[in-house]
Amino acid sequence: MLNPAIVLVVFGHGVALQQYCECIRSIGSLAKYDGTILIVSNIEADHLKGLAPEALRSQIQVIPMQGSDQLDFVGARLTIFNTSLLDEYQPILYSDVDIVFDHPIESFLIEAVKARRCSAQIEPFHMITTSEHTGSSLVQADPFTCEGLHGFNGGLLLVPNMTDHARYIRAAYQTLVRYTSRHGRKSIPFYDQSVLNYTLYKLDDFDGEPVSARTQIGGYDHPTDPAHPRGFIHFWNTAEKHLAMQTYIDEAEKLRQS
């Protein structure tokens, strides 16, 4: 049964909040999403809802969480998977707030709920055996057969359901907690992204195809055409991300209205 949830994490009133405004705007106007939106944040629920399109506000649930450093902020996406809060939803789509949802999402969700493994965007320029961005330090500490495997970006993570996949996502959470407790809070380069690469590949619960096929890299160095949306655009490597996101959404909305 389709019962989707989109999960966002927003800490503080800086650039992440600016990006959230654009991300949540796209979820309503371009993705036409009508399911649950869960926001993990240290910001007041009324403020976050007030920044969202009015039509989405009744769909938003804010989960209070505090954080003291970067490990807490980026690790929050694994923390929520270690609770029972997501157990009723399928599929679950975690998204960084520097992502624009640029295509009606229903067909993707129908495909996603049938997926047999978790999914995220493959980065062909990173190999998990050699790139710190995608878990090489963990793989080298605990080797397994992974020659030729490309790393993935954890900014958009599809989990088809918790019944079949909770054990793998929660293994990633436990790895993050135990490793940083032993070696220090800054001991894992790229934090949870490295842990997700290491854990999901090692436990054979990763398939890049569903998300990679629908996701583009956005920004001024990676021109994208609003007339040819795929589903998601990740503005991870762009200065002033919220402005690039805003420009893209403005252009996409004009095209939809013409």
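These numbers come from the heavy atoms of this one structure, side chains and all, not from hydrogens, waters or symmetry mates. In this text the structure is predicted, and so the values were computed from the model without any measurement. This chain uses plain numbering: 1 for the first residue, then up along the sequence.
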If you define the side chain from C-beta out and look only at heavy atoms, does anything of [X] sit under 4.5 Å from [Y]?
X    : Y    : result
E88  : N3   : yes
H165 : D205 : yes
N197 : S194 : no
L2   : P4   : yes
L157 : L93  : no
V10  : I43  : yes
S41  : M65  : no
I24  : I37  : yes

Starting from [Y], can I reach [X] by hopping between I/L/V/M/F/W/Y residues whose side chains sit under 4.5 Å apart?
X    : Y    : result
I63  : L56  : no
L109 : Y94  : no
L158 : W236 : no
V7   : M162 : yes
L86  : I27  : no

On a heavy-atom basis, which atom in [X] and which in [Y] lie closest, and how many Å separate them?
X    : Y    : answer
E147 : T129 : OE2-CG2, 4.1 Å
I122 : G208 : CG1-CA, 4.0 Å
P229 : H103 : CG-CD2, 3.8 Å
S212 : A120 : OG-O, 3.2 Å
F11  : A16  : O-CB, 4.0 Å
L38  : T36  : CD2-CG2, 3.8 Å

With sequence neighbours excluded, residues passing side-chain contact (heavy atoms from CB on, under 4.5 Å) with [X]:
X    : value
T130 : M127
T215 : Q121, L156, V211, F232
Q90  : M1, V113, N161
P64  : none

Using the salt bridge (charged side-chain N to carboxylate O under 4.0 Å, His left out) rule, collect all pairs that involve [range], keeping only residues at least two apart or in two chains.
range            : answer
residues 33-55   : none
residues 2-20    : none
residues 118-141 : none
residues 89-109  : R77-D96, D98-K241

Practice problem: Could you list the residues that satisfy salt bridge (Lys or Arg N to Asp or Glu O under 4.0 Å) with R25, not counting sequence neighbours? | Solution: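 Expected list: E22, D250, E253.
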What's the spacing between [X] [atom1] and [Y] [atom2] if we round to 0.5 Å?
X    : Y    : atom1 : atom2 : answer
Q18  : C23  : CD    : SG    : 14.0 Å
H242 : C21  : NE2   : SG    : 9.0 Å
C118 : Y201 : SG    : OH    : 12.0 Å
T79  : R170 : OG1   : CZ    : 12.0 Å
L149 : F206 : CG    : CZ    : 9.5 Å

Quiz prompt | K114 and D164 ion-paired at < 4.0 Å | solution =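 Answer for the salt bridge query: no.
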Quiz item: Which pairs, with at least one residue in residues 17-64 and sequence neighbours excluded, count as a ring pair (Phe, Tyr, Trp, His ring centres under 6.0 Å)?
Solution: H13-H47
Practice problem: Determine which pairs satisfy ring pair (Phe, Tyr, Trp, His ring centres under 6.0 Å) with at least one residue from residues 113-134, sequence neighbours left out, and list them in order. | Solution: H126-H133, H133-F190
Would you find a donor on one side and an acceptor on the other, under 3.5 Å apart, between the side chain of [X] and the backbone of [Y]?
X    : Y    : answer
R256 : A252 : yes
H150 : P124 : yes
R117 : V159 : no
R57  : G50  : yes
Q193 : G154 : yes

Practice problem: Carefully, step by step, assess F152 and T134 under the rule side chain to side chain contact (heavy atoms under 4.5 Å, CB included). | Solution: CA-CA 7 Å; F152 61 81; T134 54; over 6 Å; no
Practice problem: Could you please spell out the steps behind the side chain to side chain contact (heavy atoms under 4.5 Å, CB included) verdict for T224 and I217? | Solution: CA-CA 8 Å; T224 48; I217 298 173; over 6 Å; no
Quiz prompt | Greater than 12 external heavy atoms within 6.0 Å of R116's CZ | solution = no
Quiz item: Residues sharing F235's hydrophobic cluster, by side-chain heavy-atom contacts under 4.5 Å among ILVMFWY, directly or via others?
Solution: L30, V100, I233, M245, Y248, I249
Quiz item: Under the side chain to side chain contact (heavy atoms under 4.5 Å, CB included) criterion, do F144 and K202 qualify, and how do the steps go?
Solution: CA-CA 7 Å; F144 60 98; K202 181 170 185 176; 3.8 Å; yes
Quiz item: Going by atom types alone, do Y168 and D204 pair a side-chain donor with an acceptor below 3.5 Å?
Solution: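 Per modelled atom types, Y168 and D204 side chains form no pair under 3.5 Å.
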Exercise. Walk me through it: do S26 and F101 pass the test side chain to side chain contact (heavy atoms under 4.5 Å, CB included)?
Key: CA-CA 5 Å; S26 74; F101 291 55; 3.8 Å; yes
